[in-house]
Protein chains: 2
Amino acid sequence: MRVTMSDVAAAAGVNKATVSRVLRGDPRISSATGERVWSVIKALGYRPDAIARGLSSRSSDTIGVFFRDLSASWAGEFLAGFERVMSRNECECIVRATGGDPQQRRNAMFRLLSRRVDGLVWLDGPPEPDAEVPGVTVGMPSPSGVSVLVDIEAAASLLQGLAGRKEIEILQGERPFFPGLIKFLPGNRNKGDGTVKVFDGILPPGSGPVPGDFRVICTTRKSPAFFPGSWKLYWPAFELGTLSARVLLNTIRGRGVRPETVRLLPVLSGPS
Amino acid sequence: MRVTMSDVAAAAGVNKATVSRVLRGDPRISSATGERVWSVIKALGYRPDAIARGLSSRSSDTIGVFFRDLSASWAGEFLAGFERVMSRNECECIVRATGGDPQQRRNAMFRLLSRRVDGLVWLDGPPEPDAEVPGVTVGMPSPSGVSVLVDIEAAASLLQGLAGRKEIEILQGERPFFPGLIKFLPGNRNKGDGTVKVFDGILPPGSGPVPGDFRVICTTRKSPAFFPGSWKLYWPAFELGTLSARVLLNTIRGRGVRPETVRLLPVLSGPS
DNA sequence: TTGTACGCGTTATCAT
DNA sequence: ATGATAACGCGTACAA
């Protein structure tokens with residue numbers, strides 16, 4: 001049998017409630033009792049049971065994260081940032097891939113709700129209307145609630161500054177990192193000074209950059225391959241993770257989240 | 001207030017225990033009662049509480065996954081495979097990055113154990129000795145217990161077959177995908193027929209492939225960038241995920257896992 | 001400052 | 001085939 005709170009209470013000669021209070025750092029506990037209980041806790045190797053705690057406290061210190069596709073190249077980077085913040089706040093992260101299927105998505109949500117998750121992160125589309133818990137939408141505006149997104153217009157400005165009078169040509173893969181980027185870049189620029197080729201997303205084979213081109217690769221920071229001599233426009237996945245974690249924690253803990261929408265700047269990095 | 005099992009029982013005019021049995025598909029239940037209870041369940045929109053279930057059943061349908069670094073380019077791919085199998089088996093996945101720090105690792109483990117995880121996956125090193133629950137080690141041999149790994153010797157064979165009599169030159173990044181690959185490739189091959197350059201891992205800027213080289217990039221399937229004209233040696237992260245999920249489920253469910261070590265072949269893919 | 005006692009929502013063990 | 005009731009381990013008003 002595992003060592004339980006009653007065991008600790010018995011060994012310390014106090015009541016379960018006292019142990020509970022010591023554990024939760026209740027201020028109205030005598031330092032004598034506190035120390036005694038702590039020493040018993042350590043001696044017995046007692047570890048509180050999160051499940052039981054959840055049952056009576058009606059929450060779980062757990063949040064659920066919905067991806068469309070976990071194998072997307074930036075998914076891990078996002079999680080890295082998100083998990084870092086969450087673990088510092090004693091929260092566990094449950095990941096879910098929905099494949100964009102509405103039915104599967106709802107099922108997954110209900111399963112997570114039955115686990116009493118404290119919050120949900122939506123990276124695969126707008127939040128379900130009946131989510132019952134706080135949520136953050138990432139990468140796209142949310143009809144209701146908080147959303148964290150990348151400032152694509154700013155990305156366009158960066159590219160324009162880089163291009164100067166050159167023409168900007170955008171080659172867009174099937175899942176571009178900066179969807180809608182093209183809207184912010186008027187195509188009718190002066191030719192003649194050269195061309196800036198922007199590769200956005202995972203491009204089909206054969207469309208790779210040609211050496212000698214002046215080019216920008218839209219990518220993630222941790223791409224296993226890279227193109228020497230290319231500029232890079234980073235999709236700030238890690239920062240999206242840390243930021244949405246903080247925003248979610250704030251809304252869960254009731255601190256007002258002032259802006260309904262938070263924007264993050266992409267990073268343009270020169271060749272080296 | 002949420003709809004609870006007692007509510008259903010009351011509305012159906014039966015005992016909580018009966019509802020529980022209906023839910024768990026207990027065979028010794030009259031079809032009349034069964035249908036009545038089910039209809040009440042749907043009418044009331046009752047959803048069982050996983051936390052309460054966990055408390056009394058002493059398990060959680062949850063498994064924990066330890067990464068050293070979630071932002072590793074293959075982390076998402078691994079998770080994609082792993083989560084797919086787990087979700088089909090009604091299991092949730094909790095992810096954790098340990099950064100290779102032993103202390104943090106143990107803390108994380110204890111936190112997960114207090115959540116009554118049913119199993120653990122170790123991608124960041126050999127399993128902790130006192131894990132208390134079944135585990136699978138991925139990517140490296142485990143001193144004790146089951147491990148799933150990539151057959152690096154087979155990868156070497158693929159490369160040798162590809163190279164023929166050409167010299168194989170390995171450029172290894174700081175976190176190579178195929179650690180130890182070099183050991184299986186004797187360096188003293190005939191020169192003169194050309195060179196095969198193998199790029200393994202995330203290479204520092206400047207060490208990228210030169211066009212015209214005959215080259216192989218060790219990478220993941222979902223790299224956002226790629227080199228046209230290069231061969232690719234895939235680190236089969238997705239397959240590692242599905243396989244280790246199945247292996248873990250089997251050991252959790254007590255089905256004997258025959259081989260203590262399972263090996264997975266990498267995939268060599270031509271340029272296109 | 002500490003103890004009592006009940007509630008949280010299920011599962012499991014006896015009865016019937 | 002079903003009901004009554006005791007766990008499960010902890011939080012928390014309320015009482016002392």
Side-chain angles (χ1 to χ4, degrees), chain A residues 1-38 40-41 44-62 90 110-118 132, chain B residues 1-38 40-41 44-62 90 110-118 132:
Chain A
M1 287 299 279
R2 281 164 63 146
V3 68
T4 162
M5 206 156 103
S6 299
D7 302 335
V8 176
V14 296
N15 190 276
K16 288 194 309 182
T18 304
V19 179
S20 175
R21 289 178 186 122
V22 171
L23 245 34
R24 313 197 70 242
D26 194 310
R28 48 181 193 182
I29 209 86
S30 80
S31 56
T33 325
E35 290 175 22
R36 184 154 41 94
V37 171
W38 270 119
V40 173
I41 287 179
L44 266 53
Y46 165 73
R47 298 195 314 263
D49 184 320
I51 298 287
R53 185 201 296 263
L55 183 55
S56 74
S57 73
R58 315 191 58 71
S59 88
S60 61
D61 288 340
T62 301
E90 322 255 86
F110 286 131
R111 284 189 61 82
L112 291 192
L113 287 178
S114 86
R115 272 180 159 61
R116 281 219 195 358
V117 290
D118 299 329
E132 302 176 4
Chain B
M1 289 301 277
R2 282 166 61 146
V3 175
T4 162
M5 204 153 113
S6 298
D7 301 336
V8 175
V14 296
N15 191 277
K16 289 193 308 183
T18 303
V19 179
S20 176
R21 289 180 185 120
V22 170
L23 245 34
R24 315 193 69 238
D26 193 310
R28 49 182 190 182
I29 209 85
S30 81
S31 56
T33 327
E35 291 175 22
R36 185 154 42 93
V37 171
W38 270 120
V40 173
I41 287 178
L44 266 53
Y46 164 74
R47 297 194 317 262
D49 184 320
I51 298 286
R53 185 200 296 263
L55 181 55
S56 79
S57 73
R58 319 189 60 70
S59 87
S60 61
D61 287 342
T62 301
E90 322 256 86
F110 287 132
R111 285 189 61 82
L112 291 191
L113 288 178
S114 85
R115 274 183 159 59
R116 281 214 194 7
V117 291
D118 299 329
E132 302 176 6

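To find a chain, count down the sequence lines: A is the first, B the second, and so on, and within it residues start at 1.
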For this session: In whole angstrom, give the distance that lies between atom CD1 of A:Ile51 and atom C1' of D:dA7.
Result: 17 Å
Exercise. Whole Å only: how far is the CG atom of A:Leu23 from the P atom of D:dG9?
Worked result: 15 Å
Problem set entry | Value in whole Å for how far the P atom of D:dC8 lies from CG of A:Asp7 | 11 Å
For this session: Could you list by number each residue of residues 24-33 of chain B showing a heavy-atom separation from DNA chain C of less than 4.0 Å, or answer none if no residue does?
Result: B:Arg24
For this session: Would you please say whether a donor-acceptor pair under 3.5 Å links the side chains of A:Arg115 and B:Thr62?
Result: yes
Exercise. Excluding sequence neighbours, so at least two apart, what forms side chain to side chain contact (heavy atoms under 4.5 Å, CB included) with B:Arg47?
Worked result: A:Phe110, A:Leu113, A:Glu132
Exercise. If every non-hydrogen atom of B:Val3 is compared with every non-hydrogen atom of B:Tyr46, which pair is closest and at what distance?
Worked result: O-CD1, 3.4 Å
Problem set entry | Euclidean distance, atom NZ of residue A:Lys16 to atom C1' of C:dA5 [Å, nearest integer] | 9 Å
For this session: Hey, could you give me the CD/CD1 distance between A:Glu35 and A:Ile29, rounded to the nearest 0.5 Å?
Result: 12.5 Å
Exercise. Under 4.0 Å: is that the gap between some side-chain N or O of A:Asn15 and OP1 or OP2 of C:dT2?
Worked result: no
For this session: Would you check if B:Trp38 and B:Val19 make a side-chain contact, meaning some heavy-atom pair closer than 4.5 Å?
Result: no
Problem set entry | Under-4.0 Å side-chain N/O to phosphate OP1/OP2 contact, B:Thr4 with C:dT10 | yes
For this session: Ignoring hydrogens and angles, tell me if any N or O in the side chain of A:Ser57 forms a donor-acceptor pair with the backbone of A:Arg53 under 3.5 Å.
Result: yes
Problem set entry | Residue pair B:Ala11 / B:Val40: nearest heavy atoms and the distance that separates them | CB-CG1, 3.7 Å
Exercise. In whole angstroms, how far is the C1' atom of D:dT2 from the CZ atom of B:Arg36?
Worked result: 11 Å
Exercise. Under 4.0 angstrom, heavy atoms only, what part of the nucleic acid is A:Gly34 near: base, sugar-phosphate, or nothing?
Worked result: nothing
Exercise. Between A:Arg21 (CZ) and C:dT1 (C1'), how many Å, whole number?
Worked result: 9 Å
Exercise. Within less than 4.0 Å of OP1 or OP2 of C:dT11, is there a side-chain N or O belonging to B:Ser20?
Worked result: yes
Problem set entry | 5′-ward residue of the pair B:Ser6/A:Thr18 relative to DNA chain C | A:Thr18
For this session: For A:Glu35 and C:dT1, give me the distance from atom CD to atom C1', rounded to whole Å.
Result: 16 Å
Exercise. So what does B:Met5 hit on the nucleic acid, given a heavy-atom distance under 4.0 Å: a base, only sugar-phosphate, or nothing?
Worked result: base
Problem set entry | Sugar-phosphate, base or nothing in reach of B:Val14, heavy atoms under 4.0 Å | sugar-phosphate
Problem set entry | Pairwise 5' ranking along DNA chain D for B:Ala17 and B:Arg58, keeping only the more 5' one | B:Ala17
Exercise. Roughly how bent is the helix from C:dT1-D:dA16 to C:dT16-D:dA1 end to end, in steps of 10 degrees, with each end axis from five pairs?
Worked result: 40°
Seminar exercise, completed: d(B:Thr33 OG1, B:Arg21 CZ) to nearest 0.5 Å is 11.0 Å
For this session: Let me know the distance between CG of A:Leu55 and P of D:dT12, rounded to the nearest Å.
Result: 12 Å
